[in-house]
Number of protein chains: 2
Amino acid sequence: MSRFQELVVEHGREIELQPGDHLFAQGEHDSRVFMVKSGLLKAYYIRVDGKEHIKSFLPEGSIIGSMVSLVDGDPCSFSLQAIEASLAVALPYSTVQQAAQSDIELANALIAFLSTYGKRKERREYELLSLSPEKRYAILLAEMPGIVERVSQADMAAYIGVTPQALSRIRRRMSR
Amino acid sequence: MSRFQELVVEHGREIELQPGDHLFAQGEHDSRVFMVKSGLLKAYYIRVDGKEHIKSFLPEGSIIGSMVSLVDGDPCSFSLQAIEASLAVALPYSTVQQAAQSDIELANALIAFLSTYGKRKERREYELLSLSPEKRYAILLAEMPGIVERVSQADMAAYIGVTPQALSRIRRRMSR
DNA sequence: CGCCGTAATTAACCGAGGTTCATTTGTCGC
DNA sequence: GCGACAAATGAACCTCGGTTAATTACGGCG
């Protein structure tokens with residue numbers, strides 16, 4: 001566990017979540033960083049046309065916060081909701097920033113975290129730009145084994161960026 | 001200009017580029033950070049099927065490097081090439097990291113940079129997941145005014161993720 | 001067991017982008 | 001102005017995901 005995760009766990013406040021509970025919702029201001037201790041969350045947003053899109057599934061160990069809210073104080077661009085009964089830890093980002101002002105080790109842990117985050121987003125961009133929905137589904141299965149049992153097909157469809165019907169067709173094609 | 005950019009300019013080595021010249025190519029190891037002083041670069045990769053995809057256009061002031069190569073020392077996942085005659089500054093990332101070990105101000109500048117980078121990628125993910133190619137083209141035009149005069153339509157098509165033919169159709173639809 | 005609500009599947013139709021190939025336009029160098 | 005090459009457009013056909021709506025499968029629960 002990195003210094004960053006340690007800080008969150010040490011100074012954070014625990015929050016219990018039932019399926020459907022939100023940590024924050026799109027449009028709200030929330031400058032906390034969360035760590036998922038157990039359970040499963042999803043980060044998603046609602047588009048203008050009402051469709052839901054899932055940015056990521058967050059199993060145990062994940063760290064998350066709305067980057068725009070943390071950095072610029074803008075309203076969150078997405079919502080954070082529990083899929084399963086979960087346990088999370090919350091810590092104001094200002095605490096992290098303050099600590100980073102004087103704690104070089106923490107600052108570098110933060111840099112490492114943000115770099116990893118950037119890397120993950122780079123790969124996600126590649127997948128979205130280059131790969132078909134079918135390939136993206138295959139990757140999701142490979143990267144999060146057991147996800148099929150934990151989330152609905154509608155959510156997986158919202159993650160790979162197609163309708164539930166399309167995902168159903170994809171699964172049929174793949175099983176043949 | 002942030003402390004980060006300052007560091008690059010101060011200690012970096014200048015590199016002149018003609019259109020078509022590469023700073024690094026996909027698959028190579030290159031752990032330098034670059035800043036574009038003038039001109040225009042593109043970051044792109046070649047997919048297994050031979051198609052080219054453009055991650056971003058990099059005008060004056062941009063800072064770039066292959067995150068995976070910087071952080072993990074993996075081979076670069078994309079290539080960096082000049083579209084116009086350009087002037088860039090290169091600095092080994094290890095220099096940045098070392099400086100960040102002792103310079104808390106730089107570390108925080110790095111954090112700010114990485115956060116901004118993460119935010120940009122978040123928005124790009126949103127665009128790819130939610131918006132039609134037509135919308136993405138409109139956004140490109142809005143965000144980089146003058147880009148039409150500076151890059152070929154094929155490159156813009158590679159950026160928004162469609163074929164040149166499709167972009168041609170989109171432009172026809174939009175002009176009506 | 002049967003009822004009901006939700007999730008998942010299937011079908012039919014449509015439209016947009018991909019693919020391939022031909023044609024036109026544009027831009028140089030001479 | 002002309003030839004040559006690249007860039008952009010256009011046309012014909014195909015595939016796949018979106019849309020709408022109907023149907024089936026699956027769980028509780030009375």
Side-chain angles (χ1 to χ4, degrees), chain A residues 18-20 40 42 44-54 57 81-85 126-141 146-176, chain B residues 18-21 40 42 44-54 57 81-85 125-141 146-176:
Chain A
Q18 292 308 308
L40 183 65
K42 69 175 174 182
Y44 72 97
Y45 48 77
I46 306 291
R47 305 182 339 201
V48 279
D49 61 9
K51 296 279 169 55
E52 173 182 331
H53 264 301
I54 295 182
F57 297 110
Q81 185 186 35
I83 294 181
E84 304 172 354
Y126 165 76
E127 290 172 9
L128 290 172
L129 215 44
S130 309
L131 272 36
S132 63
E134 181 162 341
K135 286 268 175 57
R136 300 205 292 269
Y137 178 63
I139 289 180
L140 172 62
L141 295 186
I147 195 76
V148 190
E149 288 79 38
R150 296 176 78 178
V151 315
S152 71
Q153 229 162 280
D155 273 356
M156 286 191 287
Y159 177 79
I160 64 177
V162 296
T163 61
Q165 291 90 325
L167 179 54
S168 182
R169 279 191 287 231
I170 287 169
R171 281 163 56 89
R172 179 152 42 103
R173 272 208 304 273
M174 282 173 67
S175 70
R176 256 192 289 98
Chain B
Q18 291 307 310
D21 286 355
L40 183 66
K42 68 175 175 182
Y44 73 97
Y45 48 75
I46 306 290
R47 304 183 339 203
V48 279
D49 61 9
K51 296 278 167 58
E52 174 181 331
H53 264 302
I54 294 183
F57 296 110
Q81 184 185 36
I83 294 181
E84 304 173 353
E125 175 181 348
Y126 166 77
E127 290 172 10
L128 290 171
L129 215 42
S130 309
L131 272 39
S132 62
E134 182 161 343
K135 286 266 176 57
R136 300 205 292 271
Y137 179 63
I139 289 179
L140 173 62
L141 295 186
I147 196 76
V148 190
E149 288 79 38
R150 296 176 78 178
V151 316
S152 72
Q153 230 163 279
D155 273 355
M156 286 190 288
Y159 176 80
I160 64 177
V162 297
T163 60
Q165 291 89 327
L167 179 54
S168 183
R169 281 190 285 232
I170 287 170
R171 282 162 56 89
R172 178 151 43 99
R173 273 207 306 273
M174 283 174 67
S175 70
R176 256 192 290 100

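A, B, ... follow the sequence lines: proteins, then strands. Residue 1 opens every chain.
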How long is the line joining CE of B:Met156 and C1' of D:dA7, in whole Å? 12 Å
I need the NZ-P distance between A:Lys135 and D:dC16, as an integer number of Å. 12 Å
Sugar-phosphate only, base, or nothing, as touched by B:Pro133 at under 4.0 Å among non-hydrogen atoms: sugar-phosphate
When you compare the side chain of A:Arg47 with that of B:Leu131, does any pair of heavy atoms fall below 4.5 Å? no
Phosphate OP1/OP2 of D:dG17: any A:Arg173 side-chain N/O under 4.0 Å: yes
Kindly indicate, with the supporting measurements, whether the criterion side chain to side chain contact (heavy atoms under 4.5 Å, CB included) is fulfilled by A:Tyr45 and B:Leu129. CA-CA 11 Å; A:Tyr45 48 77; B:Leu129 215 42; 4.2 Å; yes
Would you sort out whether A:Arg171 and A:Tyr137 count as a side chain to side chain contact (heavy atoms under 4.5 Å, CB included), showing the intermediate values? CA-CA 9 Å; A:Arg171 281 163 56 89; A:Tyr137 178 63; 3.0 Å; yes
Candidates D:dT20, D:dT9, C:dG18 - which lies nearest the side chain of B:Thr163: C:dG18
Roughly, in whole Å, what's the span from CG in A:Asp49 to P in D:dG18? 12 Å
Please determine whether any donor N or O and acceptor N or O are separated by less than 3.5 Å between the side chain of B:Gln165 and the base of C:dT20. yes
Could you give the CZ-to-C1' distance, from A:Arg172 to C:dA8, as a whole number of Å? 12 Å
Candidates C:dT10, D:dA8, C:dA8 - which lies nearest the side chain of B:Gln153: D:dA8
Please state whether the phosphate of C:dT19, meaning OP1 or OP2, lies under 4.0 angstrom from any side-chain nitrogen or oxygen of B:Lys51. yes
How many whole angstroms separate atom CD of B:Glu134 from atom C1' of C:dA16? 10 Å
Rounded interatomic separation in angstrom, taking CD from B:Glu149 and P from D:dA8: 12 Å
Using atom OH of B:Tyr137 as one end and atom P of C:dG17 as the other, report the distance to the nearest whole Å. 14 Å
Whether the side chain of B:Asp155 engages the backbone of B:Ser152 through a donor-acceptor N/O pair (distance < 3.5 Å, no angle test) should be reported. no
Proximal nucleotide (of C:dA8, D:dA8, D:dG18) relative to the B:Ser152 side chain: D:dA8
How many whole angstroms separate atom CG of A:Leu129 from atom P of C:dG17? 15 Å
From C:dG17, D:dT9, D:dG10, pick the nucleotide closest to the side chain of B:Val162? C:dG17
State the OG-CD distance between B:Ser168 and B:Gln153, to the nearest 0.5 angstrom. 6.0 Å
With a 4.0 Å cut-off on heavy atoms, is B:Arg169 in touch with a base, just the backbone sugar-phosphate, or nothing at all? base
